[in-house]
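Report on the following structure.
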Amino acid sequence: MRPDIATQVDSTFWMITGTSIVLLLIITVAMLYFLYKYSAKRNPVPEAIEGNTTLEIVWTVIPVILVMIMFFISWAGFRNMRDVPKDAMVVKVTGQMWKWSFEYDNKKKSDTLILPLNKDVKFEIGSVDVNHSFYLPHFRVKEDAIPGRTNYFWIRTNEEGRFYAACAEYCGLNHWNMYAPLVVVPEGEFLVWKNTFPADTTKTTAADSLKKVPAATDTLKTAANDTSKAAGQKTDTARTVKDTSAIKK
Amino acid sequence: MEAHNNHDEHNDGHIAEAHHPSYGINILVWIGLLSLTAITVSVAGVNLGGLALTVALLIATIKSLFVMNFFMHVKFDNKVVKIFIGICMLVFVIVLILTFFDLTFRF
Amino acid sequence: MANGTIAAPAAEVDFYHVKGRHKGLLSWLLTTDHKRIGIMYLTVMSVFFLTAMTFGVLMRLEMLSPGETIMSAQTYNSLFTLHGVIMIFLFIIPGIPAVFGNFFLPIQIGAMDVQFPRLNLLSWYLYIIGGALAIFSLFGGGGWVDTGWTFYVPYSVRTTTNVSLSVFAAFVLGFSSILTGLNFITTIHRLRCPGMTFFRMPLFIWSIYATSWIQVLATPVVGITLVLIILERAFGIGVFDPTLGGDPILYQHLFWIYSHPAVYIMILPAMGVVSEIIPTFARKPIFGYVPIAISSLAIALVGYLVWGHHMFSSGISDTSRVIFSLLTFIVALPSGIKVFNWVATLYKGSIEMTAPMLYAMLFLFIFSIGGLTGLVLGALNTDLHVTDTYFVVAHFHYVMFGGMGIIFFASIHYWFPKMFGKMYNEKMAKVAAYIIGIGFNTLYFPMFIMGYMGMPRRYYDYLPEFQVYHLISTVGSWILVSGILIMVANLLSGLRNGSKAPSNPWGGTTLEWTVPSPPPLLNFDQIPTVDHGPYEHPEIAKRKEIKDE
Amino acid sequence: MSDHTNAAAGEVQEIHMHRDDFGSKMGMWLFLFTEILLFGGLFILYASYRFIYPDAFVVAAAELDLFMGGINTVILLTSSLTVVLGIVALQKGHKKLSLSMLWITVAFGLLFLVNKYFEWGAKFHHGIYPKGPALQEMSEGEVMYFGLYYVMTGLHGLHIVVGLIFIGFVMWQIKKDVLTRTNFQRLENAGLYWHLVDIIWIFLFPLFYLIH
Ligand code: HEA
Ligand code: HEA
Ligand code: CUA
Ligand SMILES: [Cu+2]
């Protein structure tokens, strides 16, 4: 099994941060110690030391090595990110001021992202107006949605539950409210949902399509009910769009 | 544009003065430039395929080297000016190349 | 000052009191004296700086609690844009070179002024015009700009706010910056006093030299890019418009080709000041003069090669992401060399913990955190998680405010006696520095945590799980504000009632400490001759002689 | 970097304000670098779009009038020559000749602008301008081509205007004998600027007119 992207990001992060903390400690402790030991009070006569070639080499070479290690580890993680498993399921993601919409391989559209558990999913990300960025914090990855282009990344859904997608590239007035709920459900349930189309295909909210799924679980139901409510957190729609006049349609 | 500086500093003299200004060489350069223009226009008519752009740029580069070295006196100028120009060109070329690391593999 | 011969004024008269051709305000507005121009920059810049800081504090207030706290989303979006634009283009880029570079560069190399004094004044006027335009843009019809300081297309082309005017302001400010850089490079080449070889220049000069090259060679690129935004908005030429076939990512390339090197325009001069302060108060020569000098040039050069790290998530090719990531790791090395040399300078010194030194030590700590978190951003896979989150916001405040900003404070304290001929209250200054240090970290450290948890930047509102961090952060901003207010008050009272400053209050060894405080109009009554490096403290020089004999 | 400055110590009290010709030339060159990189940004854009839309660029270039472009190239090259001759003349002390050479330069510069006016005018007439009817019919690559064409030649034209003003200014100073046989740096700087504008055209010409 390939390593999971999120785990890899976390471990790279801690590797770099750990090294950094050690370096920071060395620098800070040395600094404080010198400040104490060689204060004018304790050491009235300074000594003229103008440099030391060995030291210069040491503190150039060691960081070079550290940095190269960091680079290669992060590169390995990155390769994994870009190398999409062949059997990954494809979801088309479209950003638009200020909502996300998702399209599955069978043309089913939704504004809630519902995914099967333990599956590799590839997102093909585009935009119809300005730049957005499709960000799945829980999965530790994002890629911008640029009009006229398709970017991609993939994830593996290895945990059942409710998460969210956010927009991470500034896109105007409601950039801050461009969330979409992300629900990971067992595959069987997912398939039922995916293959059920709402009566009116132009109004393709998750709630509509769910009505046709008799066996939907609670997670799925609640998720569907608050599609526009940003991962179930945002309810204050009154101030959501206060002033759209600043945006050309 | 440039103000007079008011410091008691002797400069290294005007370098261009070391080489005697003359009309003749510049006229020769001009003839050379016109010929190169004629060449580049006529070559453009020939079908060179992928080479066409290279040739056109090569000729343009030669022309600008002429302009720089003679009309702009760089050939007779202080080393510093040459180094400066080198730095400027280096930066431009690096930036162009790095941009193409994206474009080449993206499109 | 025109061509010709003038008599040097008596050396005792400082430059504030020289009777020139003009009187009163005009004697400032028409001056070509580099010191007066420096002071004028300082005055105007402080106003902009405080304005932008106030915006920052207002933003923090909004983030105090979820939902609308004190402003609407549109206002918030404009506030962070203006905060960013003013901080970047009006404060941190011109900051140290325009104020302290102008004032001290000629003196430190033993010259009487910069090479092109009138051009210098023109730069100041361009700065003022740019600033004024930025302010005008607030009152124009379309409303406050709301694009973020990066002006990304296509949003910046679509929004109806006053983008064109703001962008034009940034363009004018760019020219001010270019002219200053060009002036300094020529000055350093042409006006060094006898004996002042390149390797006897103070490190501040080295860093300004490197900075100036970036200013000259990088700024025009953003200039033309911003002009293209204006043209795109006015005529729809299409080069950045995806509906016409343009590529929005090319805009990002052009923008960052300048704006990454620009972050080194911000930090290099600050690093130069640190290299002045530490040897002065450690009473010994700097450790590793040559490596520090060369690393400035290295940063300037390699700094051109890494702009792509701001675009890792934008969909640039995988190859270029890898190359830019590798280069980003490399650009961190020269900064590391500097940090290590600074710390080593403390070794076996005789350290006096004055206010400027305290700020410099604060810088070492804070800048290292900021720089090291830059490595997380430079790493490909982690950046895709933290880019455009508060992690980045924390990173750049640590390097910008904690790096250049703190050193701007250090510079004021270090050169205050020389610039104004007065002393400030040392104890108060240190108290303020401690409060600033505490406030700073309380304000920005939680942002790293939020960022890693997934709090995107430029968000007007947030999910409840981030509440506690935002709360701590906002409280931190209050601590910071009080520290800064104490600092400003202390400096102002020093300006009014401070005791008279001697010409060399710190025992500094560079040339500015050999002239009276404040310096006379022409800086020196006789151009000095230099026969040793910049940091030879007299006690040490004496001992050396004894040893040699 | 070993250009050194040898300030003579000893020249005290009386501070003689020296002219520093080399310094002012250095300043001018640095300024030219900013111009190069200003256009550099556009050249990068050009290179990128030509790379993305190679065929459309060929199609679009056919719309340009090679003859006009060629004439303008000759005009600019010749005007560059006359500037140099003007500098040489001044250095040799031939003020009159110098001024006439500069007059010729100005005339050529204006001629260039007139040609450009007609070229642009013809395009506009055919509806080829941003958002123009003919351009909207064209493919994406052609839109990029003409977008860049207008911006780059427009900016270049603007530089011609600035160069002309600069040259006019030094001509006035030559007339007033401010600039003389021994003091000609400002004229040389004007010349440097003019040549740079010429060099930029040397690249614009093949890049826009000579694509087949
Ligand atoms: C003063 C300004 C400044 C400085 C000096 C830096 C310095 C650095 N920056 Fe930063 N950066 C910004 C200002 C600055 N930055 C800004 C404003 C942004 C955001 C712009 C925006 O989007 O709005 C940004 C964003 C930014 C990003 C993009 C993030 C994103 O949007 O996804 C990246 C990615 O690589 C990055 C990296 C770095 C690195 C590697 C350094 C290095 O130069 C740091 C070097 C320093 C050290 C490493 C610390 C000291 C060294 C040691 C203690 C020795 C040990 C060292 C090693 C082992 C290497 N920065
Ligand atoms: C030098 C650069 C600099 C500095 C010093 C600061 C300083 C501060 N910034 Fe900075 N900030 C940026 C540069 C800087 N910022 C940039 C470039 C951005 C990105 C913009 C973008 O996304 O486009 C940004 C974005 C940014 C954000 C992110 C917004 C978002 O993404 O949603 C936040 C949020 O908290 C913030 C807060 C602050 C705060 C609280 C300060 C504090 O340090 C301020 C402290 C203030 C004081 C200490 C004020 C003291 C004085 C008074 C209050 C009295 C005033 C008195 C008179 C006028 C007489 N800034
Ligand atoms: Cu969509 Cu931000
Ligand atoms: Cu950067």
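The chains referred to below are lettered A, B, ... by the order of the sequence lines, with proteins before strands, and numbering in each begins at 1.
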Using the ring of each side chain (for Trp, its six-membered ring), is C:Y459 parallel, tilted or perpendicular to A:H175, with breaks at 30° and 60°?
-> perpendicular
Between C:Y452 and A:F13, is the gap from one ring center to the other below 6.0 Å?
-> yes
Hey, is C:E352 close enough to A:R42 for a salt bridge, meaning N to O under 4.0 Å?
-> no
Validation row: C:R283, A:E47 side chains within 4.5 angstrom (heavy atoms) = no
Passes ring pair (Phe, Tyr, Trp, His ring centres under 6.0 Å), A:Y170 versus C:Y155? Steps please.
-> CA-CA 9 Å; A:Y170 178 68; C:Y155 184 72; 5.5 Å; yes
Side chain, backbone, both or neither: which part of A:M15 has a non-hydrogen atom closer than 4.5 Å to chain C?
-> neither
Below 4.5 Å, heavy atoms only, C-beta onward: do C:S350 and A:V45 meet side chain to side chain?
-> no
Part of A:I146 within contact of chain C (heavy atom distance under 4.5 Å) = side chain
Heavy atoms only, distances under 4.5 angstrom: which of A:T60, A:I49, A:L66, A:T28 has the most pairs with chain C? Name it, please.
-> A:I49
Does any heavy atom of chain A fall under 4.5 Å from the side chain of C:I286, the backbone, both, or neither of them?
-> backbone
When the 4.5 angstrom heavy-atom criterion is applied to A:R140 and chain C, the contacting part is both
What is the minimum heavy-atom distance between C:I351 and A:F34, and which atoms define it?
-> CD1-O, 3.6 Å
Of all heavy-atom pairs between C:T387 and A:K142, which one has the smallest distance, and what is that distance?
-> O-NZ, 2.5 Å
With a 4.5 angstrom heavy-atom cut-off, could you sort out which part of A:D144 is near chain C: side chain, backbone, both or neither?
-> both
Could you pull out the closest heavy-atom pair between A:A166 and C:P456, with the gap in Å?
-> CB-CG, 4.3 Å
Measure C:Y251 against the heavy atoms of chain A and call it side chain, backbone, both or neither at under 4.5 Å.
-> neither
Ring centres of C:F340 and A:W59 under 6.0 Å apart?
-> yes
Ranked by heavy-atom pairs below 4.5 Å to chain C, first place among A:L136, A:T17, A:L23, A:D129 goes to A:D129
Could you tell me which portion of A:E143 (side chain, backbone, both or neither) has an atom closer than 4.5 angstrom to a non-hydrogen atom of chain C?
-> both
Contact leader toward chain C among A:G77, A:A145, A:A6, where contacts are heavy-atom pairs under 4.5 Å | A:G77
C:F312 versus chain A, heavy atoms under 4.5 Å apart: side chain, backbone, both or neither?
-> backbone
Region of A:F71 that comes under 4.5 Å of a non-hydrogen atom in chain C | both
Contact summary for C:N381 and A:V9, nearest pair of heavy atoms | O-CG2, 3.8 Å
If every non-hydrogen atom of A:P63 is compared with every non-hydrogen atom of C:L333, which pair is closest and at what distance?
-> CB-CD2, 3.6 Å
Which of A:A30, A:G51, A:A76 touches chain C most, by non-hydrogen pairs under 4.5 Å | A:G51
Between the CE atom in C:M353 and the NZ atom in A:K41, the distance rounded to the nearest 0.5 Å is 12.0 Å
Checking C:R457 against chain A: side chain, backbone, both or neither under 4.5 Å from a heavy atom?
-> backbone
Go through the atoms of C:M453 and report whether side chain, backbone, both or neither lie under 4.5 Å from a heavy atom of chain A.
-> backbone
Stepwise side chain to side chain contact (heavy atoms under 4.5 Å, CB included) check, C:D461 with A:N177 | CA-CA 8 Å; C:D461 200 354; A:N177 201 13; over 6 Å; no
Leading residue by heavy atom contact count with chain C [cutoff under 4.5 Å; candidates A:D10, A:I21, A:T150, A:L32] | A:D10
Got A:R79 and C:L380 here, is their nearest side-chain heavy-atom distance under 4.5 Å?
-> no
Check each atom of C:A282 against the heavy atoms of chain A and say whether the ones under 4.5 Å are side chain, backbone, both or neither.
-> backbone
Applying a strict 4.5 Å limit to non-hydrogen atoms, the region of C:F367 in contact with chain A is neither
Closest non-hydrogen atom pair between A:L55 and C:F287, with its separation = CD1-CZ, 3.9 Å
In terms of heavy-atom pairs under 4.5 Å with chain C, the winner among A:S127, A:C167, A:S133 is A:C167
Would you mind checking which part of C:V339 comes under 4.5 Å of any heavy atom in chain A, side chain (CB onward), backbone (N, CA, C, O), both or neither?
-> side chain
Honestly, the part of A:F139 sitting under 4.5 Å from a heavy atom of chain C is neither
Contacting region of A:M81 [heavy-atom separation from chain C under 4.5 Å] = side chain
Show your reasoning for whether side chain to side chain contact (heavy atoms under 4.5 Å, CB included) applies to A:E50 and C:K284.
-> CA-CA 8 Å; A:E50 304 209 341; C:K284 65 192 281 287; over 6 Å; no
